[in-house]
Amino acid sequence: MSDSVRLDQTDQWQALRRHYEETRDQQLRELFAADPERGSRYALEAGDLYVDYSRNRVTDETLRLLRELAAARGVTELRDAMFAGEKINFTENRAVLHVALRAPRTATIEVDGENVVPAVHEVLDRMAQFADQVRSGEWTGFTGRPIRNVVNIGIGGSDLGPKMAYEALRTYSDRSRVFRFVSNVDGADLHEALRDLDPAETLFIVASKTFTTVETITNATSARQWLVSGLGDEAAVAKHFVAVSTNADQVAKFGIDTANMFGFWDWVGGRYSFDSAIGLSLVVALGPERFREMLDGFHQMDEHFRTAPPERNLPMLLGLLGVWYDDFYGAQTYAVLPYSHYLSRFTDYLQQLDMESNGKSVDRQGRPVEWETGPIVWGTPGTNGQHAYYQLLHQGTKLVPADLIGFANPIAELGDLAGQHDLLMANLFAQGQALAFGKTAEEVAAEGVPAEQVPHRTFRGNRPTNTILATELTPSVLGQLIALYEHKVFVQGAIWGINSFDQWGVELGKVLAKKLEPRLSGAEDTGDLDGSTASLVRRYRELRGR
Ligand code: F6P
């Protein structure tokens, strides 16, 4: 494989290092002054997305060197291997085929010689049928009442995707029904979700790829108790619980009829799964047609990523820009700032996508990496962040590259409130402008600001952003956006030479929590624990009166 040479020892990396040393002090102001066309020249369009990347600290030469790095690291070869169903998640011996989840019915994508597309569509059809039954009132609860409330129980990839997409697309959802998402093992989450619901009208979707995740099984067990005690009959479970999983045995063991189970496959990673059956709650909320539009949006971006040449390939471009800041400028974090209230959960979703994928520190050969890998992803919707942490983005000591995301048209339902949209978007454009170009001391002084205050009111600028502008937040556009970030993360993992598809880093904490739980009740001794944990457990017991 092309990553057998260590990344930092490749000629392309060394060339980028030299280029960085030569250009690190270049100013966006100068780059724009030298090239009046930069704003339109450094823009790319794919599907409904327009990306302005002109406010990055790059030149044609930087981009060329970055593309050469991608070529040397075999990014397109790894991409093709993914699309071909090869087992590129080698630590788990699995294919990585979330792209098959949104492939059209007529496509052929094989894993171990078998075309997986028919099975994908068979599940999608069952999901559509089930959603139609719930939405029409044909599927009733145990007492014959229609389902008014849908509660998804899942965590991580079995929660963040549907929850984010439900928020994003709620104006397309069935407003007569209540949709809630429970993930935290803190009983407060389930309590708040159920406290005002009537069990006779409530459907639980238990979403778990493995069906062994302790949070999900614990919450599902408590939800079942709530339902059975509310309706007074164990038999009610069959009408109020459905499962989404790859593990039929565990689903049956839990007591859900596997006829009410919607399956998926081990080649779908948790954080890449919300367009599989994990999106069942979303299909009920939006209806099958809208869900289909979302899948088509994903597919559109998949095709762009698969076929566009590197210089016009959006995920490739965003991935390379991320590597530039992460590895050469030493940026530790990366902000995603959607100027859409409906995208309030978008960054939470991206945190798992990016940080669980690329939060790795050994390469594919198992050697410790000597370069930075995945960034810390954070952010909240604008304009709220402007009145909280943007101060640091503008005048702090840290370089925080950011994506600003906005939509040309407000969603139709806003009515008169759509009048606020220009103000929202003016803020988005202004922030990118201020971050890039700042305000010089001379400009500040020319406004008559007293000399001693000038340094405090000066903005150094030169802070990079991408602006992602889409027509409107539709199901298709959401699909395109998510696939853009999925493939961006892929590109970066390929360059860093890490496995972006496993997540062993979440295991240790799970195992330790399982061992510690009996100690908290006082049932087991703390003698063998490390000093800090032992004293915390003792203190906890005291506070609990144990
Ligand atoms: O946090 C680890 C993880 O395995 C995620 O990758 C996954 O999305 C989540 O747990 C939930 O897993 P499951 O769907 O099997 O319950």
Side-chain angles (χ1 to χ4, degrees), residues 88-98 101 123 127 151-166 181-186 189-190 204-224 241-256 258 261-282 345-360 374 376-377 482 485-486 489-490 493 498-514:
I88 62 170
N89 176 2
F90 63 91
T91 58
E92 297 179 306
N93 194 29
R94 288 175 184 167
V96 175
L97 268 185
H98 40 281
L101 298 170
V123 176
M127 289 161 67
V151 180
N152 187 79
I153 299 180
I155 196 164
S158 301
D159 166 72
L160 291 164
K163 183 158 68 185
M164 175 275 295
Y166 171 68
F181 297 84
V182 173
S183 53
N184 199 329
V185 77
D186 183 344
D189 198 0
L190 190 65
F204 291 96
I205 298 177
V206 186
S208 174
K209 179 175 170 182
T210 55
F211 230 77
T212 55
T213 303
V214 70
E215 290 93 334
T216 300
I217 301 308
T218 306
N219 277 324
T221 305
S222 301
R224 189 172 56 187
F241 274 79
V242 299
V244 179
S245 188
T246 56
N247 192 341
D249 290 349
Q250 288 295 330
V251 168
K253 221 167 169 184
F254 180 85
I256 297 178
T258 48
M261 168 179 153
F262 299 83
F264 59 115
W265 307 270
D266 72 356
W267 41 261
V268 183
R271 54 196 172 274
Y272 299 93
S273 68
F274 99 81
D275 42 355
S276 70
I278 290 291
L280 185 62
S281 53
L282 201 58
R345 303 261 177 203
F346 191 67
T347 313
D348 295 353
Y349 172 77
L350 289 187
Q351 283 181 329
Q352 187 198 16
L353 176 65
D354 202 327
M355 294 163 79
E356 200 165 81
S357 296
N358 285 343
K360 311 284 163 64
I376 297 160
V377 181
I482 301 293
Y485 280 98
E486 284 178 349
V489 166
F490 176 93
I498 55 182
N499 181 2
S500 300
F501 306 105
D502 60 13
Q503 58 285 315
W504 300 107
V506 300
E507 294 304 320
L508 179 60
K510 289 185 195 172
V511 172
L512 294 180
K514 204 168 170 191

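None of these values were measured; they are calculated from a predicted model. Both counts, for ligands and for their atoms, begin at 1 and track the order of listing.
Contact annotation for Thr210 and ligand 1: heavy atoms of both the backbone and the side chain come within less than 4.0 Å of the ligand.
When only modelled atom types and interatomic distance are considered, Thr210 and Thr213 share a side-chain donor-acceptor pair under 3.5 Å.
Checked against the 6.0 Å centroid criterion, the rings of Tyr349 and Tyr485 do not qualify as a close aromatic pair.
Counting the atoms of ligand 1 from 1 in the order shown, those under 4.0 Å from a heavy atom of Gln352 are 5 (C), 6 (O), 7 (C), 8 (O). Annotation for ligand 1: atoms under 4.0 Å from non-hydrogen atoms of Ile155 are 9 (C), 11 (C). Distances below 4.0 Å separate heavy atoms of Gly157 from the following atoms of ligand 1: 7 (C), 8 (O). Short contacts between ligand 1 and Ser158, defined as distances under 4.0 Å to a heavy atom of the residue, involve ligand atoms 13 (P), 14 (O). Of all atoms in ligand 1, listed by their number and element, those nearer than 4.0 Å to a heavy atom of Thr213 are 12 (O), 13 (P), 15 (O), 16 (O). Residue contact check: Glu356 has heavy atoms under 4.0 Å from atoms 1 (O), 2 (C), 5 (C), 6 (O) of ligand 1.
Distance check on atom 10 (O) of ligand 1: every protein heavy atom falls at or beyond the 4.0 Å cut-off.
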Working for side-chain contact (heavy atoms from CB on, under 4.5 Å), residues Met355 and Ile376: CA-CA 7 Å; Met355 294 163 79; Ile376 297 160; 4.1 Å; yes
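Between Met164 and Ile482 the shortest side-chain heavy-atom distance falls below 4.5 Å.
Judged by a 6.0 Å distance limit and a 45° cone about the ring axis, Arg345 is not positioned over the six-membered ring of Phe181.
Of all protein heavy atoms, the one lying nearest to atom 4 (O) of ligand 1 is Lys510 NZ, 4.1 Å.
Under the 30°/60° scheme for interplanar angles, the aromatic rings of Phe490 and Phe501 are found to be tilted.
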